[in-house]
Trainee: 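Here you go, one structure.
The chains referred to below are lettered A, B, ... by the order of the sequence lines, with proteins before strands, and numbering in each begins at 1.
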2 protein chains.
Amino acid sequence: MNQRMTIAAQKMGKPGEEPGRLPAHELIYRQLRAMVLFGDLAPGQPVTIQGLTDRMGAGMTPVREAIRRLIAEGALEFQGNRRVSVPQLTANHVSELIVARQWLDPYLTQCATERASADDLDRLADLDAELDRAIETGDLRIYLERNYSFHKAIYDLADQPILANMADGLWLRFGPSLRVVCGRMGTQNLPDKHKEVLDAMRAGDGERAAQAICEDVVQGMEQVRLSFGKPGPAT
Amino acid sequence: MNQRMTIAAQKMGKPGEEPGRLPAHELIYRQLRAMVLFGDLAPGQPVTIQGLTDRMGAGMTPVREAIRRLIAEGALEFQGNRRVSVPQLTANHVSELIVARQWLDPYLTQCATERASADDLDRLADLDAELDRAIETGDLRIYLERNYSFHKAIYDLADQPILANMADGLWLRFGPSLRVVCGRMGTQNLPDKHKEVLDAMRAGDGERAAQAICEDVVQGMEQVRLSFGKPGPAT
DNA sequence: CATTGATTAATTTGATCATATTCTGGGCTT
DNA sequence: AAGCCCAGAATATGATCAAATTAATCAATG
């Protein structure tokens, strides 16, 4: 629960350490980002500047900057009248996210397959193992974190920074909803295709890896879609 | 030349007016965004907070927020040591941008074709006419603005806000380089496929419109690519 | 003696905060 | 129910502190 730890407390690391030298706005940003990504903030929940200054023990300027950044990334929503909140996905938004991921994830996976070393693949397998353990123990938070890390690791391996950044940003948009959906279903019924992805990558078969990732993505995103009414353009 | 107009000057509109009620950080953001998009800032050029506070006649807080936003969008680059600058594209980056636009633009064009009204198409044609006039008169700035507006209008017509936002964001990344390239070539040798796009859209042929946009995109982006050495990963 | 190198002083710029101002929204009065 | 008022939250400024780049000084060496 280091969520509630103050910025001031985090800043005093040993002099030579790296995290101690990070500016406050960067720390706030990372914390807020993680909160959105893993569903600590519910969809629709308002996000106030003063609330965060108190909660994080920081001044308003760094908080404001972090919020602006997250708004620009689509992780938060500016409601026109100086109000900020966690976006509520509509069925149409989910459709867009599926379309986007269905293209980005396979492409990046194919690139990653061509560049991945044996070490890289071992690290991916480790992440997947931790993910399986989280499913068994029913630890939703760890599940969400490791699932994200698995896909993020593939993005990074692809060595396509701009596209990886785009794919990464999409997670911020469905993070809050994903948490709600998974929370309702329990971790038991959360199948994935990660094993098939790993197999294909080990075999150097980019096409098959891309196919497997695509199925994994669609499978996961459809869960999110089903949590809404119908996929039609109704309101 | 309202670039150099101060924020204070822009803020005093009539009480009921819309632009007068926009917060300063929003105005700064829009101005800076336009500067990046249309190449007023050269690639590699440093962007300082204090320089902007002077230039725009505003305080530091709004300027800082605008800069953070643009960094999050990839329009500016944080250089680690608290310095901010306009990014320099590499050949690999250009390749990524081509891949991304080659997928996003055709898809959105297809969606737009299915939804566009006759009025919408007329507006597009108007934009294209102004673009042609800019080419004749050799007005590079107007050319860049109208060319962007043409594509942006198509994105908006598609009614896919997330994907449109992604496509829109890519322009910020190649804006500065595009200006350099077009500046070297002069406006005369800047062919586009907008007429074919419009024809296909009027005919309701989404597939053909998508194809035409794709050619337009590739044609334009290849100009940018050629301004570098070879596309290889050298250096 | 001149040139180069490094160490340190000075200036510029970024980060943070406390404070003043403006605006929105809800409650209360009429 | 409409309009006014007030509490609270967001916006914006300037001051202050810290970091980094640049300039300058000095010493050592060829």
Trainee: 5'-most contact on DNA chain C: A:Thr61 or B:Arg83, nearest heavy atom basis?
Mentor: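 Final value for this comparison: B:Arg83.
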Trainee: Between C1' on D:dA15 and CE on A:Met60, what's the gap in Å once rounded to a whole number?
Mentor: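 Atom-to-atom, A:Met60 to D:dA15, this comes out as 17 Å.
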Trainee: Taking the six-membered ring for Trp, are B:Tyr155 and B:His151 parallel (under 30°), tilted (30 to 60°) or perpendicular (over 60°)?
Mentor: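 Taking B:His151 first and then B:Tyr155, their aromatic rings sit tilted (interplane angle of 30° to 60°).
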Trainee: Calculate the interatomic distance between B:Ile67 atom CD1 and C:dT13 atom P; express it in whole Å.
Mentor: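 Value for this atom pair: 13 Å.
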Trainee: In whole angstroms, how far is the P atom of D:dC17 from the CD1 atom of B:Ile49?
Mentor: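 Atom-to-atom, B:Ile49 to D:dC17, this comes out as 19 Å.
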Trainee: D:dG14 P sits how many Å from B:Asp54 CG, rounded?
Mentor: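 In whole Å, D:dG14 P and B:Asp54 CG are 11 Å from each other.
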Trainee: Should A:Asn81 be listed as having a side-chain N or O under 4.0 Å from OP1 or OP2 of C:dG25?
Mentor: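 Indeed, a polar side-chain atom of A:Asn81 lies that close.
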Trainee: Is B:Arg82 close enough to C:dA15 that one of its side-chain N or O atoms is under 4.0 Å from OP1 or OP2 there?
Mentor: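 No, no such contact exists.
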Trainee: Measure from CZ on B:Arg64 to C1' on D:dA10 and round the result to the nearest Å.
Mentor: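 Rounded to whole Å, this separation is 18 Å.
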Trainee: In this structure, how many angstroms lie between the C1' atom of D:dC17 and the CD atom of B:Gln50, rounded?
Mentor: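 Those two atoms, CD and C1', are 13 Å apart.
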Trainee: Has the side chain of A:Asn165 got a donor or acceptor atom that lies under 3.5 Å from a matching backbone atom of A:Ile162?
Mentor: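 Not at all, since once roles are kept as given, no pair shorter than 3.5 Å links the two residues.
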Trainee: In whole Å, what is the span from the CZ atom of B:Phe78 to the C1' atom of C:dA15?
Mentor: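 These atoms are roughly 10 Å apart.
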Trainee: Return whichever of B:Gly51 or A:Gly59 has its heavy-atom-nearest nucleotide of DNA chain C closer to the 5' end.
Mentor: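 It is B:Gly51, whose closest nucleotide lies nearer the 5' terminus.
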Trainee: Taking NE2 from A:His25 and C1' from C:dC17, how many angstroms apart are they, rounded to a whole number?
Mentor: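 Roughly 14 Å, once rounded to whole Å.
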Trainee: Does OP1 or OP2 of C:dA15 have a side-chain N or O of B:Arg68 closer than 4.0 Å?
Mentor: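 Yes, such a contact exists.
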Trainee: Closer than 4.0 angstrom, basic N to acidic O: yes or no for A:Arg33 and A:Asp168?
Mentor: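 Salt bridge: yes.
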Trainee: Give a yes-or-no answer on whether the side chains of A:Ser117 and A:Asp120 include a donor-acceptor pair shorter than 3.5 Å.
Mentor: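 Side-chain D/A pair, A:Ser117 to A:Asp120: present.
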